[in-house]
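Inspection log for the structure reproduced underneath, given as structure tokens.
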Amino acid sequence: MTTPVRVRFAPSPTGPLHIGGVRTALYNYLFARQHGGQFILRIEDTDQNRYVPGAEEYIIESLDWCGIKFDEGVTGGGPYGPYRQSERKEQYRPYAEQLVRDGKAYYAFDTPAELEKEREEQKKISPDAFQYDSKTRLRLKNSLTLTAGEVKRRLDAGEPYVIRICIPADQVVKLTDIIRGDVSVHTNILDDKVLFKSDGMPTYHLANVVDDHLMKITHVIRGEEWLPSAPMHVLLYRYLGWEDTMPQFAHLPLLLKPDGNGKLSKRDGDRLGFPVFPLKWTDPASGEVSSGYREAGYLPEAFINFLAMLGWNPGVEQELFNFGELASIFSLERVHKAGAKFDFEKAKWFNQQYIKKLPDPFLAGLLSKALVPHGIEAGHEYLEKVCGLIKERITFLNDLWDYSCYFFEDPRVFDQETIRKRWKPETPGIIASLAAELEAVDFSAPDLLEGIFHQFLEKNSLGTGAAMSPLRLVVTGKAGGPGMFEIMHLIGKESTLRRMHGYRFE
RNA sequence: GGUCCGUUCGUCUAGUCGGCCUAGGACAUCAGGUUUUCAUCCUGAAGAUCAGGGGUUCGAAUCCCCUACGGACUACCA
């Protein structure tokens, strides 16, 4: 009897999806693929105060760019919808009320101000924070301390209330985490968390448990920040009578700052110069722009491969894996327990590896688009040849233009370092006589050009260094690049000679 | 402060239930080679007394305890 695997990624639309979130989604997706199960996207928008317009669309677009496809969710629907918690609003209250009836939860009428006062008072007498729990609830305003009549009166009068879980005293709650093993927590340190808010919405805790149950989720794979509240979730399953179908838990380690301590945040990206979001994001309120991997010139496959290896490894020395391979070898048991510091250098390496493997026609298509802003059009065949020459030299897709501009227009800027080191008083003469030599030559093959070049060197008793670097400089403006004769052959005789005669350094 | 989780080269990590680990790989770094350049690629070097201290054991990075450090959580946020 094997129940089909069903997992979910359940972000809140409170801003752009962070790469840690992308990784959580990825692991869920990989896990589902591997087990032939379903991957669900559920939007947890129970807090209207934190709702950010555009965030949900951003999340969906990000997953799409990454190639993480979901089987059920807000866009495609599915048999367990709706998949937006705000649209499931009415479903939660009955469960909360059922818990109250069963004595597993209670109504609480304390106002935020009153609770704040409690916290202040507590701070004065001890360093321990105030907690709404078995020790304090009996002196607060709730259905445990008020008479049934009074509770009914307040409820009927429409007084604001919340429903809190009633955490039992002196118990130990155990759970088995796939990544961390057995975790146990004493109930005395748990507090009576709010399950149902005064605005009629459930909190994460209730909504999460109810939806996971209703949607028949078998494995909850989420960030480590949820580990402390997981025992309370176990209690909820128990109280709701769902313990026998409770999903298995797997709490993922966090992504940490590359330097220093703490978890990776939006600010770190700006500070250290790399994106922390998959796509570019413009904050609708402040207008602040955060960079994205897509815009920075990353291939989604490289980005995903890199992310997959952060905190998990397959146990073999191979590092480059496509989606299919990842899905077949992924396992939660091999997820590292400790948080992983984000390594931007390695991300670059992955990107370079993937770009190098890209077929020339595909890159040519990208280069063609990169040419548009410069008002340049070129034949596809020509572009393919250019890409073939430069692709193992670039790290980002955005480098395409920088590394290929001289294939399309005469250089206007010249590498200063090369001028300083290689441009001697006799160099202009050498370039001029080489140009004269080339005048009568057929540019139809790189080998031909190379032969002529060496003959020229020999005839004038010159070393390669005296002519090659200056030649490259006047023709391309650069210090390095693909084979010089390949370049000359591609751009042709006319362009080559024009550049050899018309260069002008500033 | 409290609770939970964690701790192997600068970074990501390997190291099946203790012996094959004088701790392996990758990125980054450095040095050579290839390329007359740059990049790729190849070779090599350096880099971790396995956080520290106690145990258990013939034998521990691997098991147990303590300490230190780090992280998460501690909202009518998720």
Side-chain angles (χ1 to χ4, degrees), chain A residues 10-14 44-47 49-50 108 110-112 115-116 119 123 126-132 160-164 177 179-181 183-186 188-191 193-199 201-205 207-208 222-231 251 253-254 256 258-263 306 309-319 334 336-350 352-353 356 389-395 403 415 418 422 450 453-454 457 463-465 467-469 471-473 476 478-484:
Chain A
S12 290
T14 55
E44 310 221 326
D45 55 348
T46 53
D47 184 1
N49 300 318
R50 294 214 307 158
D110 316 271
T111 65
L115 291 175
E116 190 48 45
R119 289 192 187 95
K123 215 182 278 179
S126 109
D128 295 344
F130 163 76
Q131 225 173 242
Y132 210 122
Y161 68 91
V162 299
I163 295 176
R164 309 187 87 112
D177 184 278
I179 295 169
R180 277 146 224 285
V183 176
S184 56
V185 167
H186 202 94
N188 288 3
I189 62 108
L190 262 24
D191 64 331
K193 277 267 171 337
V194 171
L195 298 178
F196 199 79
K197 299 186 275 188
S198 58
D199 64 0
M201 279 287 206
T203 58
Y204 170 88
H205 307 292
N208 197 259
R222 76 228 300 193
E224 193 184 14
E225 67 267 28
W226 294 112
L227 193 53
S229 51
H251 289 94
L254 266 18
L256 273 20
D259 63 338
N261 309 315
K263 68 173 174 180
F306 164 68
M309 306 296 271
L310 216 50
W312 168 84
N313 87 88
V316 295
E317 290 193 356
Q318 184 185 343
E319 292 196 275
R334 291 197 68 90
H336 207 67
K337 289 187 183 72
K341 283 189 180 168
F342 188 82
D343 183 4
F344 191 55
E345 288 302 326
K346 190 97 187 211
K348 278 156 70 172
W349 179 79
F350 271 105
Q352 191 185 57
Q353 294 299 311
K356 219 169 58 182
L389 290 180
I390 64 166
K391 72 174 173 186
E392 61 191 24
R393 275 162 245 269
I394 66 178
T395 306
Y403 281 73
D415 186 72
T418 310
R422 294 287 159 79
E450 186 165 10
F453 181 78
H454 285 291
L457 252 34
T464 43
M468 185 61 93
S469 256
L471 175 62
R472 180 179 294 280
L473 183 71
T476 72
K478 312 263 186 202
M484 204 48 225

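A note on names: the letters A, B, ... follow the listed sequences, proteins ahead of strands, and every chain is numbered from 1. Values below: all heavy atoms of this structure, side chains included; hydrogens, waters and symmetry mates excluded. All values reported here derive from a predicted model rather than from experimental measurement.
Put simply, CD1 on A:Ile390 and OH on A:Tyr403 are 9.5 Å apart, with the number rounded to the nearest 0.5 Å. Remark: A:Asp110 CG to A:Tyr161 OH distance equals 14.5 Å, nearest 0.5 Å.
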Under 3.5 Å, N/O pairs linking protein and nucleotides 76-78 of chain B:
residue: B:C76; atom: O2; partner: A:Ser198; partner atom: N; Å: 2.8
residue: B:C76; atom: O2; partner: A:Ser198; partner atom: OG; Å: 2.6
residue: B:C76; atom: N3; partner: A:Ser198; partner atom: OG; Å: 3.0
residue: B:C76; atom: N4; partner: A:Asp110; partner atom: O; Å: 3.3
residue: B:C77; atom: OP2; partner: A:Lys197; partner atom: NZ; Å: 3.1
residue: B:C77; atom: O2'; partner: A:Asp47; partner atom: OD2; Å: 3.1
residue: B:C77; atom: O2'; partner: A:Arg50; partner atom: NE; Å: 3.1
residue: B:C77; atom: O2'; partner: A:Arg50; partner atom: NH2; Å: 3.4
residue: B:C77; atom: O2; partner: A:Arg50; partner atom: NH1; Å: 3.4
residue: B:C77; atom: O2; partner: A:Arg50; partner atom: NH2; Å: 3.3
residue: B:A78; atom: OP1; partner: A:Thr46; partner atom: OG1; Å: 2.9
residue: B:A78; atom: OP1; partner: A:Lys197; partner atom: NZ; Å: 2.8
residue: B:A78; atom: OP2; partner: A:Tyr204; partner atom: N; Å: 3.2
residue: B:A78; atom: O3'; partner: A:Ser12; partner atom: OG; Å: 2.6
residue: B:A78; atom: O3'; partner: A:Glu44; partner atom: OE1; Å: 3.3
residue: B:A78; atom: O2'; partner: A:Ser12; partner atom: OG; Å: 2.6

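Going from atom CH2 of A:Trp312 over to atom P of B:A14 covers 11 Å, rounded to whole Å. A:Arg472 places its CZ atom 12 Å from the P atom of B:A39, with the value rounded to the nearest Å. Separating the CG atom of A:Asp128 from the P atom of B:G1 is a distance of 11 Å, rounded to the nearest angstrom. Rounded to an integer number of Å, the gap from A:Phe130 CZ to B:G2 C1' is 15 Å. One can place NE2 of A:His454 at 12 Å from C1' of B:U35, the figure rounded to the nearest angstrom. The CZ-C1' distance, from A:Phe306 to B:U13, rounds to 13 Å in whole Å.
Shown here, B:C73 forms a base pair with B:G2; the pair counts as Watson-Crick or G-U wobble because both key distances fall under 3.5 Å. When both pairing distances are held under 3.5 Å, B:A23 makes no Watson-Crick or G-U pair with any nucleotide shown. In this structure, B:A46 forms no base pair with any nucleotide, since neither Watson-Crick nor G-U wobble geometry is met with both distances under 3.5 Å. In a base pair of the Watson-Crick type (N1 to N3 plus N6-O4 or O6-N4) or a G-U wobble (N1-O2 and O6-N3), with each distance short of 3.5 Å, B:U7 is matched with B:A68. Nucleotide B:A61 forms no Watson-Crick or G-U wobble pair with any nucleotide shown, as no partner meets the under 3.5 Å limit on both distances.
Atom name P, nucleotides B:U22 and B:C65: the rounded distance is 27 Å, in whole Å. Comparing the same atom, P, in B:C38 and in B:G33 gives a spacing of 12 Å after rounding to whole Å. Of the C1' atoms belonging to B:C9 and B:G25, the separation is 12 Å, rounded to the nearest Å. Using C1' as the reference atom, B:C21 and B:A61 are 9 Å apart when rounded to the nearest Å. Taking atom P on both nucleotides, B:U62 is separated from B:U56 by 15 Å, rounded to a whole Å. The C1' atoms of B:A14 and B:U8 are separated by 10 Å, rounded to the nearest whole Å. B:G47 sits 13 Å from B:A23 when the C1' atoms are compared, rounded to a whole Å. Separation of the P atoms belonging to B:A46 and B:U7 is 28 Å when rounded to the nearest angstrom.
Considering every non-hydrogen atom in both A:Ile394 and A:Gln352, the closest pair reads O-CG, 3.7 Å. Nearest heavy-atom pair, A:Leu457 versus A:Ala467, reported as atom, atom and distance to 0.1 Å: CD1-CB, 3.9 Å. A:His186 approaches A:Ile189 most closely through the heavy-atom pair O-CG1, 3.1 Å.
Listed by chain and residue number, A:His251 satisfy the side-chain hydrogen bond (donor to acceptor under 3.5 Å, both in side chains) test with A:Asp177 (two or more places apart in sequence, or in another chain). Residues forming a side-chain contact (heavy atoms from CB on, under 4.5 Å) with A:Asp47 (at least two apart in sequence, or on another chain): A:Asn49, A:Arg50, A:Lys197. Every residue two or more places apart in sequence or in another chain that forms a ring-ring contact (aromatic ring centres under 6.0 Å, His included) with A:Trp226 is listed here: A:Tyr204.
Ring geometry for A:Tyr132 against A:Phe130 counts as perpendicular: the plane angle is over 60°, on a 0 to 90° scale with 30° as the lower cut.
For A:Arg422, the CZ atom counts as loosely surrounded, since its 6.0 Å shell holds 12 or fewer non-hydrogen atoms of other residues, nucleotides or ligands.
A:Gly465 comes within 4.0 angstrom of nothing in the nucleic acid, heavy atoms only. Among the heavy atoms of the strands lying under 4.0 Å from A:Ala479 is at least one base atom, whether or not backbone atoms are also near. Nucleic acid contact class of A:Pro482 (heavy atoms, under 4.0 Å, all strands): base. Residue contacts for A:Lys356: at a heavy-atom cut-off of 4.0 Å it reaches the sugar-phosphate backbone alone, with no base atom in range. Base engagement by A:Gly483 is indicated by at least one non-hydrogen atom pair under 4.0 Å involving a base atom. Note on A:Arg334: only backbone sugar-phosphate atoms sit closer than 4.0 angstrom, heavy atoms only; bases stay farther off. Within 4.0 Å of A:Lys263, counting heavy atoms only, lie sugar-phosphate atoms of the nucleic acid but no base atom.
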**Complete:** Going 5' to 3' through nucleotides 16-34 of chain B and flagging B where a protein heavy-atom sits under 4.0 Å of the base, S where only the sugar-phosphate is that close, and - otherwise, we get --------SSBSS------
**Complete:** Scoring nucleotides 3-8 of chain B by protein non-hydrogen atoms under 4.0 Å (B base, S sugar-phosphate only, - none) yields SSSSS-
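A salt bridge is defined here as a Lys NZ or Arg NE, NH1 or NH2 lying under 4.0 Å from an Asp or Glu carboxylate O, and A:Glu319 with A:Lys346 meets this definition. Under the 4.0 Å criterion applied to side-chain N and carboxylate O atoms, A:Asp343 and A:Lys341 are not assigned as salt-bridge partners. Salt bridge A:Glu225/A:Lys263: absent, no basic N to carboxylate O contact under 4.0 Å.
For A:Thr476 (side chain) and A:Arg472 (main-chain N/O), a donor-acceptor pair under 3.5 Å exists by modelled atom type.
Below the 3.5 angstrom threshold, one finds no donor paired with an acceptor across the side chain of A:Arg393 and the base of B:U40.
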